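What you see below is based on every heavy atom in this structure, not just the backbone, and it leaves out hydrogens, waters and symmetry mates. Just so you know, these numbers come straight off a predicted model, no measurement behind them.
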Amino acid sequence: LKLVTLLVRKGFLIGNIASSAIEDLSALVNDAQAIPHEDTLRLGRSVEYVDKIKRSLGDYELLTVQALLQQARVEHGVKAFLLEILMPLMQYIGEAVTNNKFGIGQEHAYSAIVRSELMQLLYLFSQSHSNPIQKRQESAKIFAIATNEGNQHEFGALISAVICAFHGFPVYYFGCNMPAVPLAEAAKAVGANCILLGLPSVTLMPPESLDQYVSRLRGEMSSICQLWVGGQITESMVADRNIRKLSSLIELDNLLSSIRTI
């Protein structure tokens, strides 16, 4: 778990490394750029939090889970909290349910707690642009964020929304399972100039259906609106230079850091 956390912090996609052997993970860590000492200490604390939350969730101590998440958020700061604690936990819990180590009740309870935490963060950061008209005139990017139709897994999109708001950009979050045409209409209505689309994090949907969805979406989008996608990228999307492909939340964070607001 510590090796996976280190590699996620370095920008690796958790889905690509979670099932790797310890030897392979160690080799990747050795090949990647070194992490400063203070970051290494914090990562150790992240692993401690993850272990405590796993134990508490296993015993259905839900109030303890919530308290630990809030404590970790304060101690680590928002970005480290999202990338080093929430993401590894979501990966672990998904696998634990598949392997019958956790039940559906525990998975749903954790999802409800995490969604509440993320929505609070999104609301908190959105207060910095509580004047939508003025902020739309000033911001280099206004985001409309959702997952594609049929995709009920919203945490990647919701965390992306929090990261965008953390960087000070106006964010309009439309949740999961959003049909293409209504998403394009909603983006126009709020004045978004960028749609950030969360596709499935693993290969869950036929590439053809994803390509059809993206084609419908782009056909209805404003001509000045960009499309950013993360998750299950198809070959057609890879070849399309007009679609920005995001390989990880780290890449999104770095990209937003490089964008200047007027």
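The shortest distance between side-chain heavy atoms of P170 and F143 does not fall below 4.5 Å.
K52 places no side-chain N or O within donor-acceptor distance of the main-chain N or O of L68, the cut-off being under 3.5 Å. A donor-acceptor pair under 3.5 Å is formed between the side chain of N177 and the backbone N or O of G150. With hydrogens and angles ignored, the 3.5 Å screen pairs a side-chain donor or acceptor of S160 with a backbone N or O of G156. Side-chain N or O atoms of T98 include one that pairs as donor or acceptor with a backbone N or O of G94 at under 3.5 Å.
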Practice task
Dump the intermediate steps for side-chain hydrogen bond (donor to acceptor under 3.5 Å, both in side chains) on E95 and Q91, then the final yes or no.
Solution key: CA-CA 6 Å; E95 293 177 353; Q91 175 75 22; 2.8 Å; yes
Practice task
Would you please test H76 and Y49 for ring pair (Phe, Tyr, Trp, His ring centres under 6.0 Å) and show each step?
Solution key: CA-CA 11 Å; H76 285 67; Y49 272 113; 5.6 Å; yes
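Salt bridge annotation for E154-R115: present, with a cationic side-chain nitrogen under 4.0 angstrom from a carboxylate oxygen.
Here CG of N254 is found 10.0 Å from CD1 of I163. Values are rounded to the nearest 0.5 Å. Note: L121 CG to L82 CG = 6.5 Å, rounded to the nearest 0.5 Å.
Hydrophobic clustering, with ILVMFWY side chains joined whenever heavy atoms are under 4.5 angstrom apart, groups I259 together with F166. Taking hydrophobic clusters as Ile, Leu, Val, Met, Phe, Trp and Tyr residues chained together by side-chain heavy-atom distances below 4.5 Å, M119 shares a cluster with L62. Linking ILVMFWY residues whenever their side-chain heavy atoms come closer than 4.5 Å, directly or via other members, leaves I224 and L217 in distinct clusters. Under the 4.5 Å side-chain heavy-atom criterion for ILVMFWY residues, no single connected hydrophobic cluster contains both V74 and L124. One hydrophobic cluster, built from ILVMFWY side chains closer than 4.5 Å, holds both I104 and Y110.
Between H167 and F169, the ring-plane angle classifies as tilted under the 30° and 60° cut-offs.
The shortest non-hydrogen separation linking P88 to E84 is CG-O, 3.3 Å.
The side-chain contact (heavy atoms from CB on, under 4.5 Å) test with C164 singles out one residue from I142, L256, D253, and that residue is L256.
A cation-pi arrangement is found for K54 relative to Y92, the charged atom lying closer than 6.0 Å to the ring centre and inside a 45° cone about the ring normal.
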